[in-house]
Protein chains: 2
Amino acid sequence: MPATTSPTRTDSRPDSRPGGRSARVRAAVHQAVKDLLTDEASDLLTIPVIAARAGVHATTVYRRWGSVSELLADVATSRFSGDLVVPDTGSLRGDLERYAADLAKDLSDPDTLALVRAIVGTGGEGASICRGERQRQLEAILEREQARGSRTPTIERAIDALLAPLYYRAVFTDQAPTPEWARTLVSHLLPD
Amino acid sequence: MPATTSPTRTDSRPDSRPGGRSARVRAAVHQAVKDLLTDEASDLLTIPVIAARAGVHATTVYRRWGSVSELLADVATSRFSGDLVVPDTGSLRGDLERYAADLAKDLSDPDTLALVRAIVGTGGEGASICRGERQRQLEAILEREQARGSRTPTIERAIDALLAPLYYRAVFTDQAPTPEWARTLVSHLLPD
DNA sequence: CCACAAAAGCAGCGATCATTGCGATTAAAA
DNA sequence: TTTTAATCGCAATGATCGCTGCTTTTGTGG
């Protein structure tokens, strides 16, 4: 008899090709972590609890990830890769406004926010997982504009003026960043 | 025989007035939390371990604080209250530069940084402990300048331009914020 | 000096966690 | 089809954690 609780996944086909068992386990565990992160009980985010929620044995999680920190890092890597697109509106201002608005919408998601906070809490080096991709994308926007022959703010300045307020407001305050507010950040960064 | 490890405190006088036993226990526990926070093992930050390091019985910690989250909140409240002074240089620019530099130096301390990260990781509402006092102090600087009849940036704008980059750089990157860089933030906030 | 309330020490309990051998299942190679 | 290595399920173990009655110590006021 299945002593563990039922998994969250709705996909219950009998282990066919797309990914194999290993990939299904990984998806179920990732989903369980995301679910538990919103439950507002950080001490419940433990391997046995995660495994039970994923319908997987704790041993499997221990062997594949080892610790909650590494598991969180894995979830964050998946979450923060390839989900945001570098816009191309033709103008630097347009690109930045679009990108800042997208990022604000992304960071206003409670699940994403909980993940960021949990990652920050696990120590330090893992925190760059949540910002590395975004910094690179911002850099790409600036470099493309420079390739057009225009002068742009430095990447450092852009980080201070855009990324920093977005992450600060999301992580340290209880007001979610809105796309409209994000656009005002761009207007302060770029000279009128 | 004393099974627990020796406390960190150097003060070993036999329970005289200045604070009483209760206050000494509190100080020892706070110090133990700060010590353990730098040890880079977030899963070791547990009540029995904290109590042992403080030379105090775990029961005492459980009764006084209840959970690690509340204990962290208490440590943070002590740490972030009254340690920074609102400067008064006569000019808004001078005040902001001084305050930003002080805050940068404060946030570059590894112990403080570890505390901030741990607080963020415990859930959300506690994160405002690390920024509430600073926001109020920044507000005080702006309001004093307004009382002099001068126009100033809004508090929201000052947060985005000063507090946000400082906290972002400290928490999300591995480069500690320097006072010099903090002053450049002010130069970007105030019109030349 | 004595009494009393608050705080801390103590021992022990149940529950949970992390980890490890071992067998079973799966997916891919031969 | 058979083989083979990787992955996962299972059960058990030792360790740790969170918590709770009970006693002892502390410090304060009568």
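Being a predicted model, the structure only gives us computed values, none of them experimental. The chains referred to below are lettered A, B, ... by the order of the sequence lines, with proteins before strands, and numbering in each begins at 1.
Contact check, Y62(A) against dA18(C): a side-chain N or O comes under 4.0 Å of OP1 or OP2. Taking side-chain N and O atoms only, T60(B) has a distance below 4.0 Å to OP1 or OP2 of dG9(C). Contact annotation: T59(A) side-chain N/O to dC8(D) OP1/OP2 distance is not under 4.0 Å. Residue H57(A) has no polar side-chain atom (N or O) positioned under 4.0 Å from OP1 or OP2 of dC8(D).
Rounded to an integer number of Å, the gap from CD of E70(B) to P of dC19(D) is 10 Å. Following rounding to the nearest Å, D43(B) (CG) and dA15(D) (C1') show an atom-to-atom distance of 14 Å. Between W65(B) atom CH2 and dC19(D) atom P there is a gap of 15 Å when expressed in whole angstrom units. In this structure, CG of L44(A) is placed 12 Å from P of dG18(D), rounded to the nearest angstrom. Atom CD1 of I47(B) is separated from atom P of dT20(D) by 13 Å (rounded to the nearest Å).
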Next on the checklist: Under the criterion side-chain hydrogen bond (donor to acceptor under 3.5 Å, both in side chains), I'd like the reasoning laid out for D95(A) against T89(A): C-alpha separation, chi angles, the key distance, then a yes or no.
Outcome noted: CA-CA 6 Å; D95(A) 288 349; T89(A) 65; 2.8 Å; yes
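Nearest heavy-atom pair across A182(B) and L166(B) is CB-CD2, 4.2 Å.
The pair D39(B)-K34(B) does not count as a salt bridge, with every side-chain nitrogen at least 4.0 angstrom from each carboxylate oxygen.
Candidate nucleotides dG9(C), dC10(D), dA8(C) were compared by shortest atom distance to the side chain of R64(B), and dA8(C) ranks first.
For the pair V49(A) and R63(A), nearest-nucleotide mapping onto DNA chain C gives the more 5' position to V49(A).
Looking at heavy-atom distances under 4.0 Å, T46(A) makes contact with sugar-phosphate atoms alone, never a base.
Both L138(B) and L185(A) sit in one connected hydrophobic cluster of ILVMFWY residues. Membership requires side-chain heavy atoms under 4.5 Å apart, directly or through other members.
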